Chemist: 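If you scroll down you'll find the structure; I have some questions about it.
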Number of protein chains: 2
Amino acid sequence: MVQSELADLEKKLRDAQLRPTKQRLALAQLLFSDGNRHITAERLHSDAMGANVAISLATIYNNLHQFTAAGLLREVVVDSSRSYFDTNVMPHHHFFHEQSGTLEDIEKNDLKVDNIPPLPEGTEISSVDVIVRVSSTRR
Amino acid sequence: MVQSELADLEKKLRDAQLRPTKQRLALAQLLFSDGNRHITAERLHSDAMGANVAISLATIYNNLHQFTAAGLLREVVVDSSRSYFDTNVMPHHHFFHEQSGTLEDIEKNDLKVDNIPPLPEGTEISSVDVIVRVSSTRR
DNA sequence: CAATAAATTAGAATTCTTCTAAACAAGAAA
DNA sequence: TTTCTTGTTTAGAAGAATTCTAATTTATTG
């Protein structure tokens with residue numbers, strides 16, 4: 001890892017009012033150094049173990065939520081049994097592969113959602129999430 | 001409840017190859033006798049208790065899944081902490097009210113999804129789910 | 001440095017869901 | 001009917017994901 005990269009991550013955390021602790025920097029590195037990721041807490045935890053970063057699962061959860069609140073991550077709800085966190089925080093949608101449990105981004109401009117009916121009284125849109133669930137073609 | 005209604009529910013179960021047991025009939029009544037519902041297992045369980053129907057939570061879960069497999073219900077994933085089951089099995093979408101945790105149907109023809117990009121290699125669409133998350137307008 | 005406020009942690013606790021193995025009920029056959 | 005087979009229900013244990021607790025450690029500020 002490059003020096004400047006670490007400094008960038010530290011700035012990213014500071015800008016989000018999060019102290020750049022050892023654990024946060026390690027997580028930020030795992031999350032943001034390698035393109036878009038869709039990751040679960042357990043997965044991130046084992047990635048950290050694999051990278052010889054000592055960090056408890058509680059801290060993983062704390063930080064995933066703090067990162068999300070700070071707009072550094074976004075939670076994607078596709079599976080009722082676990083939470084996925086997405087490093088792409090721009091508005092966009094997803095393919096969800098049902099067999100493998102993997103997510104793939106769909107850029108917002110590719111896909112169009114039209115004719116949303118009048119919202120329930122007294123509400124405003126907080127997000128529009130499209131999930132295209134796909135499965136392997138059986139042959 | 002009307003006699004014919006019970007007979008209809010029994011037929012509905014039989015057609016789905018599910019024996020119309022006391023518990024299943026009671027659940028079918030709670031689920032299908034009163035328009036579209038979006039319900040959680042816990043909620044259905046307390047509805048049953050409220051209607052003086054003795055039924056265990058395990059049976060609720062068993063049957064929600066069996067009904068879903070038989071196409072009598074559809075599972076809606078909107079909240080990573082619990083599962084919702086929808087009695088409307090026609091293709092359609094949802095408003096999800098973030099504060100109250102309630103769902104509301106959006107008829108398929110109201111809303112249009114266009115320009116879905118090419119699917120991942122070797123896959124086919126199993127469903128396209130749109131969730132319009134709304135929250136109360138603060139004033 | 002010292003003070004204080006924030007972050008981390010292990011492990012317990014919670015919540016939702018599934019499993020297990022035994023008891024029970026439904027439908028089929030005699 | 002009665003019997004047989006198989007499907008269903010059940011209580012409670014077990015499991016999985018997540019949150020909480022209270023103590024300890026670490027970062028930042030003065």
Side-chain angles (χ1 to χ4, degrees), chain A residues 6-7 9-30 38-49 51-70 72-73 75-85 101, chain B residues 6-7 9-30 38-49 51-70 72-73 75-85 101:
Chain A
L6 242 183
L9 291 172
E10 180 169 339
K11 177 168 191 323
K12 187 165 189 157
L13 291 176
R14 280 193 198 285
D15 288 353
Q17 326 251 239
L18 297 168
R19 289 184 182 177
T21 62
K22 192 155 55 66
Q23 291 83 347
R24 280 203 187 116
L25 277 170
L27 291 184
Q29 213 162 261
L30 290 168
H38 300 98
I39 200 169
T40 63
E42 293 287 351
R43 186 72 212 292
L44 183 55
H45 189 237
S46 51
D47 279 12
M49 298 297 97
N52 275 308
V53 174
I55 186 168
S56 74
L57 197 49
T59 299
I60 300 270
Y61 277 105
N62 286 163
N63 281 297
L64 284 174
H65 290 136
Q66 287 167 151
F67 283 19
T68 301
L72 267 35
L73 289 177
E75 192 175 350
V76 184
V77 180
V78 277
D79 178 332
S80 54
S81 76
R82 77 188 120 255
S83 292
Y84 286 77
F85 293 86
Chain B
L6 242 182
L9 291 172
E10 178 167 343
K11 179 168 189 323
K12 186 165 192 159
L13 292 176
R14 279 193 199 286
D15 288 353
Q17 325 250 234
L18 296 168
R19 287 186 185 175
T21 62
K22 194 156 54 67
Q23 291 85 342
R24 281 203 185 115
L25 277 170
L27 290 183
Q29 214 163 262
L30 290 169
H38 301 98
I39 201 169
T40 63
E42 294 285 351
R43 184 73 211 292
L44 184 54
H45 189 235
S46 52
D47 279 13
M49 298 298 96
N52 276 311
V53 174
I55 186 167
S56 73
L57 197 48
T59 301
I60 300 270
Y61 276 103
N62 286 341
N63 282 298
L64 284 175
H65 290 137
Q66 286 167 152
F67 284 18
T68 300
L72 266 35
L73 288 177
E75 192 175 350
V76 183
V77 180
V78 277
D79 179 334
S80 55
S81 75
R82 78 190 115 257
S83 293
Y84 286 77
F85 292 86

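The figures here come from the full heavy-atom set of this structure, side chains too, leaving out hydrogens, waters and symmetry mates. Here the structure is a predicted model, which means the values were calculated and not measured. Naming convention: chains lettered A, B, ... in sequence-line order (proteins, then strands); numbering from 1 in each chain.
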Chemist: Taking B/Ile55's backbone N and O only, do any of them form a donor-acceptor pair with B/Thr59's side chain (distance below 3.5 Å, no angle check)?
Modeler: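 The answer is no, because no donor-acceptor pair under 3.5 Å joins these two groups.
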Chemist: Excluding sequence neighbours, so at least two apart, what forms ring-ring contact (aromatic ring centres under 6.0 Å, His included) with B/His45?
Modeler: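 Here no residue qualifies.
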Chemist: For the pair made of CG in A/Leu13 and C1' in C/dT8, what is the distance, rounded to whole Å?
Modeler: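 It is 15 Å, rounded to the nearest whole Å.
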Chemist: Within the 4.0 Å heavy-atom criterion, would you say B/His45 contacts the bases, only the backbone, or no part of the nucleic acid?
Modeler: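 No contact at all - B/His45 keeps every heavy atom at 4.0 Å or more from the nucleic acid.
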Chemist: Among residues at least two apart in sequence or on other chains, which ones pass salt bridge (Lys or Arg N to Asp or Glu O under 4.0 Å) with B/Glu10?
Modeler: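 For B/Glu10 the salt bridge (Lys or Arg N to Asp or Glu O under 4.0 Å) partners, ignoring immediate neighbours, are B/Arg14.
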Chemist: Can you pull the contact range of chain A along DNA chain D, 5' to 3', using atoms under 4.0 angstrom from its heavy atoms?
Modeler: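 Extent of the interface on DNA chain D: D/dA17 to D/dT28.
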Chemist: Just jot down the side chain to side chain donor-acceptor pair (under 3.5 Å) partners of A/Asn62, sequence neighbours excluded, or say none.
Modeler: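 In terms of side chain to side chain donor-acceptor pair (under 3.5 Å), with neighbours along the sequence ignored, A/Asn62 is linked to no residue.
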Chemist: Using whole Å, report how far CG of B/Asn63 lies from P of C/dT17.
Modeler: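 Roughly 15 Å, once rounded to whole Å.
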Chemist: Tell me every residue that passes side chain to side chain contact (heavy atoms under 4.5 Å, CB included) with A/Ser46, counting only those two or more places apart in sequence or in another chain.
Modeler: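 Listed in chain order: nothing, the list is empty.
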Chemist: Mind checking B/Ser81 for me? I need base, sugar-phosphate or nothing, with any heavy atom below 4.0 Å counting as a touch.
Modeler: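 It contacts sugar-phosphate atoms only.
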Chemist: What residues form a salt bridge (Lys or Arg N to Asp or Glu O under 4.0 Å) with B/Arg19, not counting sequence neighbours?
Modeler: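 Partners of B/Arg19 by the salt bridge (Lys or Arg N to Asp or Glu O under 4.0 Å) criterion come out as none, since no residue qualifies.
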Chemist: Check every strand shown and say whether A/Ser83 touches a base, only sugar-phosphate, or nothing at a heavy-atom separation below 4.0 Å.
Modeler: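 It contacts sugar-phosphate atoms only.
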Chemist: Calculate the interatomic distance between B/Gln66 atom CD and C/dC19 atom P; express it in whole Å.
Modeler: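 In whole Å, C/dC19 P lies 13 Å from B/Gln66 CD.
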Chemist: Tell me, please, which residues at least two apart from B/Ala51 pass side chain to side chain contact (heavy atoms under 4.5 Å, CB included).
Modeler: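 Per chain and number, B/Ala51 pairs via side chain to side chain contact (heavy atoms under 4.5 Å, CB included) with B/Leu30, B/Val53.
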Chemist: I need the CG-P distance between B/Leu44 and C/dC16, as an integer number of Å.
Modeler: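 Rounded to whole Å, this separation is 15 Å.
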Chemist: Among residues at least two apart in sequence or on other chains, which ones pass side chain to side chain contact (heavy atoms under 4.5 Å, CB included) with B/Ser83?
Modeler: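 If we apply the side chain to side chain contact (heavy atoms under 4.5 Å, CB included) test to B/Ser83, skipping adjacent residues, the hits are A/Ser80, B/Glu75, B/Phe85.
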Chemist: Separation of A/His65 atom NE2 from C/dA7 atom P, in whole Å?
Modeler: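 To the nearest whole Å, that distance equals 16 Å.
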Chemist: What is the minimum heavy-atom distance between A/Arg24 and A/Leu13, and which atoms define it?
Modeler: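 Minimum heavy-atom separation between A/Arg24 and A/Leu13: CB-CD1, 3.8 Å.
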Chemist: Which residues within residues 52-62 of chain B lie with some heavy atom under 4.0 Å of an atom in DNA chain D?
Modeler: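 Here the set is B/Ala54, B/Ile55, B/Ser56, B/Ala58, B/Thr59, B/Asn62.
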Chemist: Measure the distance from CZ on A/Arg82 to C1' on C/dC16 and round it to the nearest whole Å.
Modeler: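 In whole Å, C/dC16 C1' and A/Arg82 CZ are 14 Å from each other.
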Chemist: What parts of residues 15-26 of chain B reach DNA chain C, counting only heavy atoms under 4.0 Å away?
Modeler: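 Heavy-atom cutoff 4.0 Å gives B/Arg19, B/Pro20.
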Chemist: With sequence neighbours left out, what residues match B/Ala58 under side chain to side chain contact (heavy atoms under 4.5 Å, CB included)?
Modeler: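 Only B/Ser56 meet the side chain to side chain contact (heavy atoms under 4.5 Å, CB included) criterion with B/Ala58.
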Chemist: The criterion is side chain to side chain donor-acceptor pair (under 3.5 Å); which residues satisfy it with B/Asp15, sequence neighbours excluded?
Modeler: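 So B/Asp15 forms a side chain to side chain donor-acceptor pair (under 3.5 Å) with B/Lys11.
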